[in-house]
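So the structure is just underneath, and the comments pick up after that.
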Amino acid sequence: MHALIVVAHHDPQSLTHSVAAQVAAGLAASGHTFEMADIAAEGFDPRYNAADHLVHRTRATPPADVLAEQARIDRADALVLVFPIYWWSLPGLLKGWIDRVFINGWAIDYGPDTPVVKRLRHLQVHLLALGAADDDAFDRHGYAKAMRTQIDYGIFDYCGAQVVTSELLLDSESGGAQAHLEKAKTLGLGLFQVETVAG
């Protein structure tokens, strides 16, 4: 099986990139394929512009860069997003990627007089969000629930995609890094494990 790993961090030496690489290593070790989408290095433009709005309103043909990203997702059985938490949310680069790529006519279908049709029911999603604060800080402010509401439900469930993994990898700057790398490798190794149901 095949996974698309999208990493959203400008520094290739970052822990975010290292976590993405460990997911990839686990996938390779378990005999699966992957594509790494380093959207910062690739220069993806996250700015939602007039052409994107025209696609949304009139179903115009999406810009070439959006079509290319959709094709990468279409080739994948699973989508893995690895990103730092900026201001309690996705980094702007990744949010813009979602804004421009997960569009009406591809991720969903809807119009003024029609209900939403979720078009990504076939896609499994794995979210790995890295944060510097510890669990207590995130728990005190209800961030885990907020993340799941905003991202898991508000984005992916709206499109019908199944969020299989939604992990906060916290305390990343003061001791948690090695555990996060090990968890990422384990995730990659088991990403496509089929659960057997006892009969």
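For the single chain, residues carry numbers from 1 onward in sequence order.
Considering H2, Q70, E35 in turn, E35 is the only one that fulfils the side chain to side chain donor-acceptor pair (under 3.5 Å) rule with R75.
With rounding to the nearest 0.5 Å, the separation of CG in L120 from CG in L79 is 9.5 Å. The structure places CD of E69 at 7.5 Å from CD1 of I39, a figure rounded to the nearest 0.5 Å. The distance from the OG1 atom of T165 to the CG atom of L187 is 5.0 Å, given to the nearest 0.5 Å. The distance from the CG atom of D134 to the CZ atom of R140 is 7.0 Å, given to the nearest 0.5 Å. Taking CG of D136 as the start and NE2 of H141 as the end, the distance is 10.5 Å to the nearest 0.5 Å. Rounded to the nearest 0.5 Å, atoms CD (Q162) and CZ (R121) are 11.0 Å apart.
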Worked verdict on V125 versus V164 for side chain to side chain contact (heavy atoms under 4.5 Å, CB included): CA-CA 6 Å; V125 177; V164 179; over 6 Å; no
R59 and D109: CA distance, side-chain angles, deciding distance, salt bridge (Lys or Arg N to Asp or Glu O under 4.0 Å) verdict: CA-CA 10 Å; R59 303 285 184 98; D109 270 318; 3.1 Å; yes
Does the pair V7 and T16 meet the rule for a side chain to side chain contact (heavy atoms under 4.5 Å, CB included), with working shown? CA-CA 7 Å; V7 58; T16 303; 3.7 Å; yes
Verdict with reasoning, V66 to D52, per side chain to side chain contact (heavy atoms under 4.5 Å, CB included): CA-CA 9 Å; V66 170; D52 297 308; 4.0 Å; yes
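Counting all heavy atoms, side chain and backbone alike, N104 lies closest to H56 at ND2-O, 3.8 Å. Contact record, A29 with L189: CB-CD2, 3.8 Å, taken as the closest heavy-atom pair. Heavy atoms only, all atoms of each residue included: L170 and A133 are closest at CB-O, 3.3 Å. Of all the heavy atoms in D11 and Q13, the pair that sits closest is OD1-N, 2.8 Å. For the residue pair A76 and L4, the shortest heavy atom distance occurs at CB-N, 3.7 Å. In terms of heavy-atom proximity, A3 sits nearest to L191 at CB-CD2, 3.9 Å.
Cluster annotation: L94 is connected to I155 through the hydrophobic network of ILVMFWY side chains, with a link wherever side-chain heavy atoms come within less than 4.5 Å. The hydrophobic clustering, which links ILVMFWY residues whose side-chain heavy atoms are closer than 4.5 Å, places L93 and I73 together. L169 and I151 fall into different hydrophobic clusters, where Ile, Leu, Val, Met, Phe, Trp and Tyr side chains are chained together by heavy-atom contacts under 4.5 Å. Neither V163 nor M1 shares a network with the other; the hydrophobic side chains, linked directly or stepwise wherever heavy atoms of I, L, V, M, F, W or Y lie under 4.5 Å apart, form separate groups for each. Clustering ILVMFWY residues whenever any of their side-chain heavy atoms sit less than 4.5 angstrom apart, transitively, puts L15 in the very cluster that holds M36.
The side-chain heavy atoms of L27 and I5, taken from C-beta on, include a pair separated by under 4.5 Å. Proximity of V55 to R100: side-chain heavy atoms (C-beta onward) are nowhere separated by under 4.5 Å. Considering only heavy atoms from C-beta on, V80 stays 4.5 Å or farther from F34 through its side chain. Counting heavy atoms from C-beta outward, H9 and P91 have side chains that stay 4.5 Å or more apart.
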Listing, residues 82-90 side-chain donor-acceptor contacts under 3.5 Å, not counting sequence neighbours, or none:
residue : atom : partner : partner atom : Å
S89     : OG   : Q150    : NE2          : 3.0

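R148 contributes a side-chain N or O that, together with a main-chain N or O of S166, makes up a donor-acceptor pair within less than 3.5 Å.
Pairs passing the ring-ring contact (aromatic ring centres under 6.0 Å, His included) check and including a residue from residues 145-189, sequence neighbours excluded, read F102-F156.
A salt bridge links D99 with K95; the closest basic N to acidic carboxylate O contact falls under 4.0 Å. Between D157 and K118, at least one side-chain nitrogen of the basic residue sits less than 4.0 Å from a carboxylate oxygen of the acidic one, meeting the salt-bridge criterion.
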